[in-house]
Amino acid sequence: MARVETQQGTPTAGNGAEDEHLDEWFARRLQSQGIPSRLGAPSLARLAAVVALVLSLGGLLWALSSVGPKTAATTPTPAPSTGGGHSTSTGGGGTGPAGGKVTWRTVTVDVLNGYGGAGAAGTTAATLRAQGWKVGTTGNASGITQSEVVYLSGHKKEAIAVARKLGLGTPIAISNATGVVPSSTTGVAIVLGPNLLPAR
């Protein structure tokens with residue numbers, strides 16, 4: 001049987017001790033070119049980094065799913081009450097649910113852009129949702145010089161709770177508010193002026 005020899009030390013066709021396996025020859029060729037021929041076992045640091053990345057992505061997805069469009073689903077299901085709350089009723093004296101204390105977390109607020117800044121109502125609504133607020137609709141008002149809370153008749157207690165939480169002044173009845181029409185809210189609205197909302 002004849003031996004076949006090639007240049008650059010390629011494996012031969014014989015079965016002698018000088019013969020080498022194709023794998024070993026290929027590995028040496030890769031190493032001569034600066035390419036690692038075999039990947040080592042992953043280090044503990046790499047494994048920990050991959051696990052941390054997977055956990056972070058899982059946490060981010062969970063956080064995004066909890067902030068999502070739940071507000072639309074939770075808006076029409078107010079707690080049972082004898083009046084007040086954030087219902088479509090415009091009567092009453094603004095009493096809280098079943099005589100309980102009204103908190104900002106139980107009030108659905110509408111956000112109105114009262115100074116014309118592009119996208120101000122939508123941006124503020126998204127920020128409030130991320131902070132745990134129930135946000136209804138967004139819209140526009142006009143001629144507002146500073147941010148304020150306005151309310152329809154029967155929603156004064158809710159408006160006070162919202163204004164206190166946001167650090168805004170005394171809420172204004174919508175009938176006394178300049179540039180805000182009653183149909184722009186279903187109860188309590190935050191009307192943005194050029195000063196937007198105070199930093200908290």
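Of all heavy-atom pairs spanning Gly139 and Ala121, the tightest one is O-CB, 3.9 Å. When every heavy atom of Gly169 is checked against every heavy atom of Ala163, the shortest pair comes out as O-CB, 3.4 Å. Closest non-hydrogen pair, Ser147 versus Gly193, comes out as OG-N, 3.0 Å. Taking both residues in full, the closest heavy atoms of Arg105 and Lys134 are given as O-CE, 3.5 Å, listed atom of the first, atom of the second, then distance.
A donor-acceptor pair under 3.5 Å links the side-chain atoms of Ser56 to the main chain of Ala52, judged by distance alone. Side-chain atoms of Thr123 never come within 3.5 Å of backbone atoms of Ala120 as a donor-acceptor pair (strictly under, hydrogens ignored).
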List the steps, then state whether side chain to side chain contact (heavy atoms under 4.5 Å, CB included) holds for Thr138 with Asn113. CA-CA 8 Å; Thr138 58; Asn113 182 349; over 6 Å; no
Side chain to side chain contact (heavy atoms under 4.5 Å, CB included) for Val135 and Val111? Distances and angles first, verdict last. CA-CA 8 Å; Val135 179; Val111 181; 4.1 Å; yes
Going through the checks in order, is the side chain to side chain contact (heavy atoms under 4.5 Å, CB included) test met by Trp133 and Lys165? CA-CA 11 Å; Trp133 288 80; Lys165 177 64 178 172; 3.4 Å; yes
Derivation of the side chain to side chain contact (heavy atoms under 4.5 Å, CB included) call for Thr185 and Leu152: CA-CA 8 Å; Thr185 183; Leu152 291 174; 4.0 Å; yes
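Summarising the geometry, atom CG belonging to Leu168 is positioned 6.0 Å from atom CG belonging to Leu197; distances are rounded to the nearest 0.5 Å. Atom NZ of residue Lys157 and atom OG1 of residue Thr103 lie 12.5 Å apart, to the nearest 0.5 angstrom. To the nearest 0.5 Å, the span separating CG on Leu128 from CD on Gln131 amounts to 6.0 Å. Residue Ile144 holds its CD1 atom at 9.5 Å from CG of Leu192, rounded to the nearest 0.5 Å. Between the CG atom of Leu112 and the CD atom of Glu148 there is a distance of 10.0 Å, given to the nearest 0.5 Å. Summarising the geometry, atom CD belonging to Glu158 is positioned 7.0 Å from atom OG1 belonging to Thr106; distances are rounded to the nearest 0.5 Å.
Looking at Val107 and Val102, their side chains come closer than 4.5 Å, going by heavy atoms from C-beta outward. Proximity of Val191 to Val149: side-chain heavy atoms (C-beta onward) are nowhere separated by under 4.5 Å. Annotation: side chain of Leu196 is in contact with side chain of Tyr115 (closest heavy-atom distance under 4.5 Å).
Linking ILVMFWY side-chain heavy atoms closer than 4.5 Å, directly or via other members, places Val188 and Trp104 in a single hydrophobic cluster.
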